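Notes follow the structure.
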Protein chains: 2
Amino acid sequence: MSRAPQKRKIETHDRLLTAARSLSDLNGYDALRMEEVALKAGVAKGTVFSHFADKDRLLSALIGADLHAALDQMEQAAPTDPRSLADAHEPLFQVAARDRVSFDIILRYSGAALETDLGPITQSFGRHMEIVAGWLSTWGDAVRKDIDLELQAEGVQAFMVQVIALNFCALHSSTEITDRFETYLSAWLTPAR
Amino acid sequence: MSRAPQKRKIETHDRLLTAARSLSDLNGYDALRMEEVALKAGVAKGTVFSHFADKDRLLSALIGADLHAALDQMEQAAPTDPRSLADAHEPLFQVAARDRVSFDIILRYSGAALETDLGPITQSFGRHMEIVAGWLSTWGDAVRKDIDLELQAEGVQAFMVQVIALNFCALHSSTEITDRFETYLSAWLTPAR
DNA sequence: TAGTAAAAATGACCATGGTCAATTTAACAG
DNA sequence: CTGTTAAATTGACCATGGTCATTTTTACTA
């Protein structure tokens with residue numbers, strides 16, 4: 001028989017996340033070492049890997065939290081056109097541009113919205129889609145009507161990933177990201193004239 | 001003064017690529033070991049890293065070649081609508097779906113089309129864009145006219161990345177990829193009604 | 001309270017990507 | 001042919017992510 005997780009496990013899990021967070025705040029995700037996390041959490045190295053299957057999962061937990069925080073901030077906005085929709089994504093772009101590692105991890109899980117086994121990044125992409133769909137549903141005639149809401153939101157996500165990727169490969173500033181994003185969004189969302 | 005690369009270097013480079021290719025054909029990119037490549041090429045491990053800065057670069061060379069071959073095949077087609085455009089991408093999807101590693105590497109360099117220092121993957125994305133733009137330019141009224149050709153091609157690429165990502169995260173078959181791609185392409189390219 | 005079975009934690013150990021000071025080889029000048 | 005310099009190669013070495021048999025702790029039962 002399998003039993004419920006012990007209180008100890010939950011505490012250790014929290015300590016690990018806290019340790020990883022403070023270390024990554026200090027030196028960025030790139031410099032994060034699993035052994036340091038263990039040390040800081042007062043735990044053996046093997047324990048880290050019994051909580052997070054690999055480094056990617058630990059990073060996903062951290063970056064997923066970053067994304068959720070960014071989405072919280074995003075939700076304050078109420079964009080009504082492509083320009084303000086692009087601007088509303090600023091917090092997300094901040095997270096994605098923080099680190100090469102953030103970029104890699106986010107990109108890798110970017111399309112995971114349909115996955116059954118939801119990781120934290122995947123989850124935040126799902127949430128992002130709901131937020132965007134919610135906004136678009138209030139736009140009335142300002143948005144095209146020939147494709148359904150879900151498809152529209154998926155497209156927004158595709159272009160979001162695109163501009164994030166472009167940002168990292170060339171050396172674009174953050175404002176250039178939103179400008180570029182706005183161009184895509186206008187072309188994608190604007191109704192036929 | 002710096003001198004031109006010696007003949008020896010070029011030969012070694014070729015041997016390394018050949019070795020890596022045959023090993024990856026055998027067991028996939030995932031199981032490729034740098035030391036095995038060195039061994040097979042009859043060279044010390046350090047030599048591999050003097051030719052390819054890191055494993056990613058070596059993989060990029062291989063996968064970049066895969067992509068170019070796929071593009072060669074793609075160029076045989078002459079799609080005239082979203083459906084056939086999606087179908088024409090089949091060879092590319094094959095390459096991208098070969099391996100988790102291919103997916104990761106391709107995705108990471110997907111947005112690199114604007115980069116100055118062109119890697120092989122980046123290059124193939126540039127070439128892809130030219131091909132698509134060339135095709136679209138012959139579509140006449142079958143394609144929207146409110147945005148320019150370049151932007152259209154960029155969008156095609158964004159959706160291509162999206163469906164590749166979706167494919168790996170959920171368990172979609174290859175036909176489902178092209179179907180999904182076609183949906184996006186219709187919505188993106190079809191002129192206003 | 002003692003017994004016990006599963007969960008949790010441990011840390012020595014391994015695999016592999018990557019580094020670099022030292023060595024060998026190629027190419028050219030005189 | 002000999003000497004000289006930079007290019008090319010070498011392989012011992014390191015860093016770090018990840019494994020797993022063993023040990024310790026927890027929570028439950030009689």
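Keep in mind that what you see is a predicted model, and the values were worked out from it rather than measured.
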Polar side chain donor-acceptor pair, B/Ser84 to B/Asp87, under 3.5 angstrom: no

Would you say B/Glu182 and B/Thr178 are linked by a side-chain donor-acceptor pair, where the criterion is simply a distance under 3.5 Å? no

With sequence neighbours excluded, residues passing salt bridge (Lys or Arg N to Asp or Glu O under 4.0 Å) with B/Asp72: B/Arg127

Taking 4.0 angstrom as the limit, do B/Lys9 and B/Asp14 come out as a salt bridge? no

B/Asp30 bridged to B/Arg100 by N-O distance under 4.0 Å: no

Just list the side-chain donor-acceptor pairs under 3.5 Å for residues 21-28 of chain A, sequence neighbours left out, or say none.
unit_1, atom_1, unit_2, atom_2, d
A/Arg21, NH1, A/Tyr29, OH, 3.1
A/Arg21, NH1, A/Asp66, OD1, 3.2
A/Arg21, NH2, A/Leu62, O, 3.1
A/Arg21, NH2, A/Asp66, OD1, 3.1
A/Ser22, OG, A/Ala19, O, 3.1
A/Ser24, OG, A/Ala20, O, 3.2
A/Ser24, OG, A/Arg21, O, 3.0

Phosphate OP1/OP2 of C/dA8: any A/His51 side-chain N/O under 4.0 Å: no

Which residues in residues 30-40 of chain A have at least one heavy atom lying under 4.0 Å from any atom of DNA chain D? A/Leu32, A/Arg33, A/Met34

Between atom [atom1] in [X] and atom [atom2] in [N], what is the gap in whole Å?
X	N	atom1	atom2	answer
A/Arg57	D/dG18	CZ	P	10 Å
A/Phe52	C/dA8	CZ	P	14 Å
A/Asp54	D/dT16	CG	C1'	14 Å
B/Arg8	D/dA7	CZ	C1'	7 Å
B/Asp56	C/dT16	CG	P	17 Å

State, to 0.1 Å, how close A/Leu67 and A/Ile121 come at their nearest heavy-atom pair, and which atoms those are. CD1-CG2, 4.0 Å

Find the bend of the helix from C/dT1-D/dA30 to C/dG30-D/dC1 as the angle between its two terminal axes (five pairs each), to the nearest 10°. 0°

When you measure from every atom of DNA chain C, which of residues 9-25 of chain A have a heavy atom less than 4.0 Å away? A/Lys9, A/Thr12

Side chain to side chain donor-acceptor pair (under 3.5 Å) contacts in which one or both residues fall within residues 131-140 of chain A, not counting sequence neighbours: none

Using the side chain to side chain donor-acceptor pair (under 3.5 Å) rule, collect all pairs that involve residues 35-47 of chain A, keeping only residues at least two apart or in two chains. none

Partners meeting ring-ring contact (aromatic ring centres under 6.0 Å, His included) with A/Phe49 (sequence neighbours left out): none

Got a sec, which residues hit ring-ring contact (aromatic ring centres under 6.0 Å, His included) with B/His68, two or more places apart in sequence or on another chain? none

Dump every N/O contact between nucleotides 10-12 of chain C and the protein below 3.5 Å, one line per pair.
unit_1, atom_1, unit_2, atom_2, d
C/dT10, OP2, A/Ala44, N, 2.8
C/dT10, OP2, A/Thr47, OG1, 2.7

Side-chain atoms of B/Lys7 come closest, of C/dA27, D/dG18, D/dT26, to C/dA27

Using the side-chain contact (heavy atoms from CB on, under 4.5 Å) criterion, which residues pair with B/Ala187? Sequence neighbours excluded. A/Arg144, A/Ile147, A/Leu151, A/Trp188

Do any pairs count as a ring pair (Phe, Tyr, Trp, His ring centres under 6.0 Å) and have a residue in residues 4-27 of chain A, sequence neighbours left out, and if so which ones? A/His13-A/His51, A/His13-A/Phe52

